[in-house]
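All remarks here apply to the structure that follows.
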Number of protein chains: 2
Amino acid sequence: MGKEEYISELIQKLETTQPLGEEEQRLLRQLPLNIRHYEAGQDIVREGELAKQCCLVIGGLVCRYKIVGEGQRQIISLHLPGDIPDIHSLVLPRMDHNLGTLTSVTVGFIPHEPVRALTRSSFRIAEAFWRETLIEASIYREWMVGIGKRPAASRIAHFLCEFITKMKAIGLSDGITCNLPMTQTEIADSLGLSTVHMNKQLRKIRETGLVRIRASRITVLNWSGLCELAEFDADYLHLREQTPS
Amino acid sequence: MGKEEYISELIQKLETTQPLGEEEQRLLRQLPLNIRHYEAGQDIVREGELAKQCCLVIGGLVCRYKIVGEGQRQIISLHLPGDIPDIHSLVLPRMDHNLGTLTSVTVGFIPHEPVRALTRSSFRIAEAFWRETLIEASIYREWMVGIGKRPAASRIAHFLCEFITKMKAIGLSDGITCNLPMTQTEIADSLGLSTVHMNKQLRKIRETGLVRIRASRITVLNWSGLCELAEFDADYLHLREQTPS
DNA sequence: CGACATTTTGAGTCAGCTCAATCAGTGTGG
DNA sequence: CCACACTGATTGAGCTGACTCAAAATGTCG
């Protein structure tokens with residue numbers, strides 16, 4: 001896969017929400033990319049840094065997180081291939097959180113300047129990036145509601161629904177089964193739960209026969225049942241094509 | 001106060017982050033405003049609606065919220081005068097949450113079209129609005145961390161620090177004291193706490209002598225102590241001028 | 001086969017919840 | 001000026017979902 005292909009992932013991701021014109025695609029394909037690999041558990045960008053570039057996730061799973069109190073980690077969002085998790089640094093360069101890897105990851109760094117030039121010359125591209133950040137904010141809202149008000153089992157179910165839906169949108173899941181390369185501790189850190197409680201509640205969900213989990217592979221056996229437990233409604237993801245299966 | 005003044009609030013708010021040029025200010029002042037008043041506890045926009053306009057908060061306190069489960073409310077964000085809490089509807093018109101009033105409120109509705117025209121003709125204005133939504137996302141992240149990982153007392157203290165800091169930024173607080181026109185139930189709904197627990201923890205904070213609360217008036221007696229309890233660091237608000245006092 | 005990471009289980013504790021009163025402040029009408 | 005109504009703040013008494021600590025079981029991989 002060449003650099004051409006990498007930008008295609010970005011285009012595919014942007015188009016999960018709204019199609020781009022030929023011209024915008026052409027402009028995006030001209031962006032320079034500095035490819036870099038990371039192992040699992042490394043930081044890509046750290047809190048406090050002044051960003052001069054942003055990173056396109058090409059392969060693997062990236063997370064945004066903050067450390068609070070006695071070193072507790074709250075994972076704030078997950079980023080799949082095609083995402084530019086720090087596109088905001090174009091406008092707010094001072095990082096107020098970290099970006100790290102959950103698996104081995106390939107990213108393409110893009111200097112701010114050419115991106116800024118693009119957003120200033122094409123309002124369509126500017127709006128596409130703006131929209132991405134707005135959808136991310138919408139996901140934050142949903143997570144906030146989950147952490148604030150939903151019981152653990154429902155939160156976990158919601159997490160699974162969202163993950164599969166997002167994976168399906170970029171063609172990495174059929175909507176029934178997909179790879180979830182996260183440890184239970186990492187999922188717990190995303191949901192504001194302890195690992196132990198996460199594990200016990202996950203077992204309960206498994207026992208109801210809604211999902212099957214083997215290693216990092218999850219299979220939804222009863223999508224509507226899982227959605228009901230999760231109170232999952234994909235509207236907040238603002239996808240053009242709706243829910244799996 | 002005429003409509004001119006209302007747009008000044010918007011400009012003042014935008015400039016808490018970054019100054020605007022003369023030209024941008026002039027363009028913003030030409031935006032049309034349809035003024036409307038609401039009582040406390042009313043909805044301005046509801047989940048599911050397709051927005052064709054956005055609303056500038058002119059006076060009073062507006063909140064964004066979702067209802068989950070058996071009618072439990074999670075308040076997601078607060079909006080002070082000068083805010084356009086649904087500026088995102090320009091790009092994502094389908095509302096995935098509600099906007100409601102916490103006090104009596106005056107808003108100015110601005111049709112999407114002229115705003116869209118502005119953002120497309122002036123990248124500076126587009127970036128100013130984008131920036132606002134990015135800062136809001138940053139606040140979501142901080143709230144998520146609070147709800148997910150901080151104990152109740154710390155969460156409450158953090159809430160107070162943030163509120164006063166934001167009020168000070170728009171000139172509605174001196175950084176020591178300010179009006180907080182919310183019931184304890186409403187604050188609890190923002191923090192993912194029950195009213196009862198909220199009340200008990202708030203009393204504990206009062207007893208430590210960090211703040212004084214009389215009716216809806218709060219006075220910080222020990223700012224650094226409160227910040228310590230809250231682990232509050234105003235960086236995430238991305239203000240040009242820093243922390244109260 | 002180790003060595004290490006992850007998952008699972010058990011036991012005990014506690015922060016935060018619900019239910020149920022009571023108290024205080026603010027209007028309103030007579 | 002007082003009685004009544006209402007909303008919001010406060011307090012008390014359990015209850016329980018979620019946490020911590022600790023250990024055992026199960027992968028996983030060189």
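Nothing here was measured: the structure is a model prediction, and the numbers come from that model. Numbers restart at 1 for each chain; the letters A, B, ... are given by sequence-line order, proteins then strands.
Heavy atoms from other residues, nucleotides or ligands lying under 6.0 Å from CD of B:E228 number 12 at most.
Distance CG (B:L180) to C1' (D:dA9): 14 Å, rounded to an integer number of Å. One can place CD1 of A:I187 at 15 Å from C1' of C:dA5, the figure rounded to the nearest angstrom. Between the CD atom of A:Q72 and the C1' atom of D:dA18 there is a distance of 13 Å, given to the nearest Å. Protein atom CZ of A:R217 is 19 Å distant from nucleotide atom C1' of D:dG27, rounded to whole Å. Atom CE of B:M182 is separated from atom P of D:dG8 by 12 Å (rounded to the nearest Å). Summarising the geometry, the separation between CG on B:L191 and P on C:dC17 is reported as 11 Å, rounded to the nearest angstrom. Here C:dT18 presents its P atom at 11 Å from CG of B:L193, a figure rounded to the nearest Å.
Under the 30°/60° scheme for interplanar angles, the aromatic rings of A:H158 and A:F232 are found to stand perpendicular. The aromatic rings of A:F159 and A:F163 lie parallel to each other, their planes meeting at an angle below 30°, with 60° marking the opposite boundary.
With hydrogens and angles ignored, the 3.5 Å screen pairs no side-chain donor or acceptor of A:N222 with any backbone N or O of A:G209.
Pairing each heavy atom of B:K149 with each of A:R73, the nearest pair is CE-O, 3.0 Å. Here the closest heavy-atom approach between residue B:M198 and residue B:I187 is recorded as CE-CG2, 3.5 Å.
Nearest nucleotide to the B:Q184 side chain, out of C:dG16, C:dT8, D:dA9: D:dA9.
Base engagement by A:S194 is indicated by at least one non-hydrogen atom pair under 4.0 Å involving a base atom. B:G41 comes within 4.0 angstrom of nothing in the nucleic acid, heavy atoms only.
With contacts defined as side-chain heavy-atom distances shorter than 4.5 Å, the pair B:Q201/B:L193 does not qualify.
No side-chain donor-acceptor contact under 3.5 Å links B:T133 and B:H88.
Ionic pairing of A:E49 and A:R94 is not present here: no N-O contact between side-chain nitrogen and carboxylate oxygen is shorter than 4.0 angstrom.
Near DNA chain D, meaning a heavy atom under 4.0 Å from it, residues 196-211 of chain B has B:V196, B:N199, B:K200, B:R203, B:R206 in order of number.
Terminal axes of the helix from C:dC1-D:dG30 to C:dG30-D:dC1 (five pairs each, C1' rotation axis) are separated by 40°, to the nearest 10°.
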